[in-house]
2 protein chains.
Amino acid sequence: MLSNSSKYAIKGVLYLALNSDEDHKILVRDIYKVVHVPEAYLAKLLQELSRHGIISSTRGPRGGFYLNSDDRRRTLMDIVKVIDGEKRVNSCVMGIRNCDMNNPCVLHKLVGSNKTKFIRVLENTTILDLIEGKQDIEEFFPN
Amino acid sequence: MLSNSSKYAIKGVLYLALNSDEDHKILVRDIYKVVHVPEAYLAKLLQELSRHGIISSTRGPRGGFYLNSDDRRRTLMDIVKVIDGEKRVNSCVMGIRNCDMNNPCVLHKLVGSNKTKFIRVLENTTILDLIEGKQDIEEFFPN
DNA sequence: AGATTAAAAGACTTTTTTATCCTTTTTATG
DNA sequence: CATAAAAAGGATAAAAAAGTCTTTTAATCT
C-alpha cells in the first residue's frame with residue numbers, strides 16, 4: 001500500500017517542515033540519523049521530490065533542502081504519487097485488473113472502504129496539518 | 001500491507017472454497033488461469049498453506065487441494081500470516097520501531113485507525129463469510 | 001577567477017520478492 | 001505390485017525494490 005521509500009520520503013519532508021525554511025536550508029547529512037533512513041537513499045528520495053516540485057532545494061554552499069510555504073501545503077498523497085507512482089496507490093486491494101468501485105470484487109467490498117478512507121487521508125492531509133502544534137521531531141519518530 | 005503473494009493465496013483459497021470438498025479435490029492446473037496467478041507459483045503458495053494446516057491436500061491420483069469444513073472457518077489473517085509473516089502485517093504504517101497504539105507517531109494517529117480496521121477485517125472474516133451467497137468465481141475475480 | 005560546498009544525476013550493487021523448473025516422495029488404483 | 005498422478009521440495013532465474021558510489025553541475029565565498 002505504502003512502500004518503504006514513501007515512508008522514508010514522508011519522514012524526510014516532515015523533518016524539513018519542522019526545521020527548514022527559505023533561509024535555513026538543511027543537508028541530508030543532518031537529517032538521516034534522526035529519521036533512521038540511509039543517507040544516500042534519503043538524498044535520492046529528496047532529489048526526486050525536489051525534481052517534481054514537491055519540496056525545494058538549492059545547490060552549493062549554504063544550500064540544501066527546504067520547504068517554502070507552498071511546499072508546506074502539499075499533501076501526503078503528493079509525496080506518495082512521486083515516489084510510488086499513481087498506479088500503486090490506486091490499485092485494487094487484490095490486484096485485480098478492471099476492479100474498482102463500479103465493478104468490485106468481493107474483497108473490495110470488505111476492505112475497499114478502509115482503503116478508500118486511507119487514500120482520502122493521504123489526499124486531505126497537508127504537511128502543515130501534520131506539524132500543527134508540534135515542534136519536536138521526536139513526537140513523529142519515537143525511538 | 002498485503003503482498004502480492006498473499007493476494008494470490010487468498011484468490012486460490014477462494015477458488016477452492018467455491019469448487020472443492022473432501023471428495024472433489026482440485027489441481028493447481030485447473031485454478032491458475034481463473035485466478036490469474038502463474039501455475040508454479042500458485043502451487044508453491046498452496047503447498048505452503050497446506051503445510052501450515054490452513055488448507056488440505058492429498059497426493060497421488062485423485063489427489064489435489066481442497067478445503068474441509070474446518071479450513072472454511074479460517075480467516076483471511078490466517079492466510080496472510082503464513083504467506084507474509086506476522087511482522088509485515090503488524091508493522092507500523094511508518095515502519096517505525098517501537099511505534100504502536102501506546103506510543104504512536106503522528107502518522108499513526110492519522111492513518112493508524114484505518115489500518116487497525118483493516119487488520120480487524122482480515123482477522124474477523126472467514127473464507128465461509130466471503131463465499132456466502134456466491135457461487136460464481138467471476139463475482140470474485142472479474143476480468 | 002578559483003576553490004569549495006552541496007545538490008543533481010546516473011551507474012552500479014545488494015536484497016527481497018516473484019516466478020520457474022526439475023527431481024523426489026507419496027498415494028490411489030488397475 | 002507396477003504405474004501413473006499428484007503434491008512436496010530444492011535449486012535457480014528474473015524482476016523489482018532498496019541502497020551505494022562516483023561524477024557532474026550550480027552556488028557561494030574568498
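In what follows, every chain begins at residue 1, and chains take the letters A, B, ... in the order their sequences are listed.
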What's the spacing between [X] [atom1] and [Y] [atom2] if we round to 0.5 Å?
X: A:Ile119; Y: A:Asn124; atom1: CD1; atom2: CG; answer: 11.5 Å
X: A:Thr126; Y: A:Glu132; atom1: OG1; atom2: CD; answer: 7.5 Å
X: A:Lys7; Y: A:Leu76; atom1: NZ; atom2: CG; answer: 13.5 Å
X: A:Ile83; Y: A:Leu49; atom1: CD1; atom2: CG; answer: 4.5 Å

Rounded to the nearest Å, what distance is computed from the [atom1] atom of residue [X] to the [atom2] atom of nucleotide [N]?
X: A:Leu16; N: C:dA7; atom1: CG; atom2: P; result: 11 Å
X: B:Leu45; N: C:dT20; atom1: CG; atom2: P; result: 12 Å
X: B:Leu42; N: C:dT20; atom1: CG; atom2: P; result: 11 Å
X: B:Ile83; N: C:dT16; atom1: CD1; atom2: P; result: 18 Å
X: B:Glu22; N: C:dA28; atom1: CD; atom2: P; result: 15 Å

Mind checking if A:Leu46 touches a base, just sugar-phosphate, or nothing, with heavy atoms under 4.0 Å?
nothing
Contact class for B:Ile26 vs. all strands (heavy atom < 4.0 Å): base, sugar-phosphate, or nothing?
sugar-phosphate
With A:Ser56, the side-chain contact (heavy atoms from CB on, under 4.5 Å) member among A:Leu16, A:Asp71, A:Leu67, A:Asp21
A:Asp71
Pairwise N/O distances under 3.5 Å, protein to nucleotides 18-20 of chain D:
{"from": "D:dA18", "atom 1": "OP1", "to": "A:Asn4", "atom 2": "N", "distance (Å)": "3.4"}
{"from": "D:dA18", "atom 1": "OP2", "to": "A:Ser5", "atom 2": "OG", "distance (Å)": "2.8"}
{"from": "D:dG19", "atom 1": "OP2", "to": "A:Tyr8", "atom 2": "OH", "distance (Å)": "3.1"}
{"from": "D:dG19", "atom 1": "O6", "to": "A:Lys44", "atom 2": "NZ", "distance (Å)": "3.3"}
{"from": "D:dT20", "atom 1": "O4", "to": "A:Lys44", "atom 2": "NZ", "distance (Å)": "3.3"}

In residues 47-59 of chain B, which ones come under 4.0 Å of DNA chain D, going by heavy atoms?
B:Gln47, B:Ser50, B:Arg51, B:Ser57, B:Thr58, B:Arg59
I'd like to know whether A:Ile31 forms a side chain to side chain contact (heavy atoms under 4.5 Å, CB included) with A:Leu46, so could you lay out the CA-CA distance, the side-chain angles of the two residues, the decisive distance to 0.1 Å, and finally the verdict.
CA-CA 11 Å; A:Ile31 313 181; A:Leu46 292 182; 4.1 Å; yes
Among side-chain atoms of B:Ser5 and B:Tyr41, is any donor-acceptor pair under 3.5 angstrom?
yes
Pairs meeting criterion ring-ring contact (aromatic ring centres under 6.0 Å, His included) with involvement of residues 44-90 of chain A, two or more places apart
none
Taking OP1 and OP2 of D:dA6, is either one under 4.0 Å from a side-chain nitrogen or oxygen of B:Arg29?
yes
For B:Asp70, side chain to side chain contact (heavy atoms under 4.5 Å, CB included) partners two or more places apart:
B:Asn68, B:Arg73
With A:Glu48 via salt bridge (Lys or Arg N to Asp or Glu O under 4.0 Å) - residues at least two apart
A:Arg51
Contact list for DNA chain C against residues 61-73 of chain B - heavy-atom distance below 4.0 Å:
B:Pro61, B:Arg62
So if you build clusters from Ile, Leu, Val, Met, Phe, Trp, Tyr with side-chain heavy-atom gaps below 4.5 Å, do A:Leu45 and A:Met77 land together?
yes
